[in-house]
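Since the structure comes first, as structure tokens, the remarks are kept for the end.
Note that these values count all heavy atoms, side chains included, but never hydrogens, waters or copies made by symmetry. Here is how names work: the chains are called A, B, and so on, in the same order as the sequence lines, proteins then strands, and each is numbered from 1.
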2 protein chains.
Amino acid sequence: MQKLTAQRQAILDVINRSDKHWDADEVAYALKENDTPIGIATVYRGLAALAEQGLIESIQLADKKRYERADKKHHDHLICTDCGDIEEFCKPEIEKLQDLVASEHDFTIQGHQLLLFGICIRCKGKGI
Amino acid sequence: MQKLTAQRQAILDVINRSDKHWDADEVAYALKENDTPIGIATVYRGLAALAEQGLIESIQLADKKRYERADKKHHDHLICTDCGDIEEFCKPEIEKLQDLVASEHDFTIQGHQLLLFGICIRCKGKGI
DNA sequence: GTGATAATGATAATGATTATCATTCTGACT
DNA sequence: AGTCAGAATGATAATCATTATCATTATCAC
Ligand SMILES: [Mn+2]
Ligand SMILES: [Mn+2]
Ligand SMILES: [Zn+2]
Ligand SMILES: [Zn+2]
């Protein structure tokens with residue numbers, strides 16, 4: 001990314017103004033609401049470029065990529081298989097053990113993805 | 001899955017006779033080599049059905065699902081971003097901490113996926 | 001054997017993402 | 001100010017894994 005163009009700045013603003021985990025369509029829709037509509041291909045390219053620069057974070061779910069603000073400390077995710085809600089958690093002991101695993105395998109770790117799937121507290125009380 | 005049909009048994013056999021992590025196309029190709037060709041839709045359905053019954057395991061990578069034998073103890077994966085190789089590891093302390101995280105969030109855990117991305121030992125010595 | 005149910009397989013459809021390509025923008029340099 | 005090159009944009013086509021459709025076939029209970 002050479003330039004933080006107006007379009008990419010607009011994408012970044014959308015993502016930075018909430019704690020959501022956005023997919024490309026949601027970003028495009030928010031931009032349209034915003035009266036700054038941007039072509040969907042440009043949204044995809046912008047998201048990829050911003051993530052590459054570390055200006056936003058990405059998580060890869062089964063079906064699609066989602067993006068979030070980069071200005072929080074590193075965390076991983078709990079995903080409700082019922083409502084799709086995404087919660088966050090931070091557990092440095094796990095990260096340490098991951099590094100240990102990598103070194104045990106002579107593996108130079110570049111990143112990781114830990115997803116916990118299950119039922120969130122809200123969905124637990126649904127069928128009553 | 002009502003029946004373990006001949007086709008599904010053939011899929012299961014292919015997967016059980018190696019330690020690979022198979023995608024649907026690879027399974028279909030192996031079956032053709034085997035002189036037991038099976039329609040690709042049937043392969044997809046068979047893999048899903050076998051995984052649902054716990055007869056095989058699945059992992060969801062960024063682009064596609066892969067399947068492996070279910071007769072090993074639970075493990076997670078190291079994925080080389082250079083050659084695509086998949087190694088396995090087992091770290092019960094991590095699993096315990098995952099359960100702790102879930103309980104801290106009143107989250108009923110159903111499953112998890114931990115992927116460590118990086119460079120495997122073989123690829124590390126490449127550019128010399 | 002007959003009928004209900006499930007599975008198969010060829011093919012079409014879906015959905016997220018990427019590629020193409022003509023057009024527009026930007027910034028550096030006259 | 002004008003020119004030029006490299007980037008970015010956006011409409012659209014293409015890709016690729018997976019799922020849906022649907023007519024046909026297999027299987028099981030009676
Ligand atoms: Mn997050
Ligand atoms: Mn494995
Ligand atoms: Zn939920
Ligand atoms: Zn490698």
To the nearest Å, how far apart are Y44(A) OH and dC16(D) C1'?
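Roughly 14 Å, once rounded to whole Å.
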Mind calculating the distance between NZ (K65(B)) and C1' (dC16(D)) to the nearest angstrom?
16 Å
Which pairs count as salt bridge (charged side-chain N to carboxylate O under 4.0 Å, His left out) when at least one residue sits in [range], sequence neighbours excluded?
{"range": "residues 54-66 of chain A", "result": "D23(A)-K64(A), D23(A)-R66(A), E26(A)-R66(A)"}
{"range": "residues 32-41 of chain A", "result": "none"}
{"range": "residues 103-118 of chain B", "result": "K91(A)-E104(B)"}

Using a cut-off of strictly less than 4.0 Å between a heavy atom of the residue and any atom of DNA chain C, enumerate the qualifying residues of residues 5-42 of chain A by number.
A41(A)
5' to 3' on DNA chain C, which nucleotides open and close the contacts with chain B (atom under 4.0 Å from a heavy atom)?
dA6(C) to dT11(C)
Listed once per pair and sorted, the ring-ring contact (aromatic ring centres under 6.0 Å, His included) pairs that draw on residues 11-40 of chain A, sequence neighbours left out:
H21(A)-H77(A)
Mind checking what makes ring pair (Phe, Tyr, Trp, His ring centres under 6.0 Å) contact with H105(A), not counting sequence neighbours?
none
Which residues satisfy the side-chain contact (heavy atoms from CB on, under 4.5 Å) test with Q9(A), sequence neighbours excluded?
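Once residues adjacent in sequence are excluded, the partners of Q9(A) under the side-chain contact (heavy atoms from CB on, under 4.5 Å) criterion are L4(A), L12(A), D13(A).
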With sequence neighbours left out, write down each residue that passes side-chain hydrogen bond (donor to acceptor under 3.5 Å, both in side chains) with R8(B), or none if nothing qualifies.
none
Salt bridge check: are D19(A) and K72(A) linked by an N-O gap of less than 4.0 Å?
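Looking at D19(A) and K72(A), the cut-off is met.
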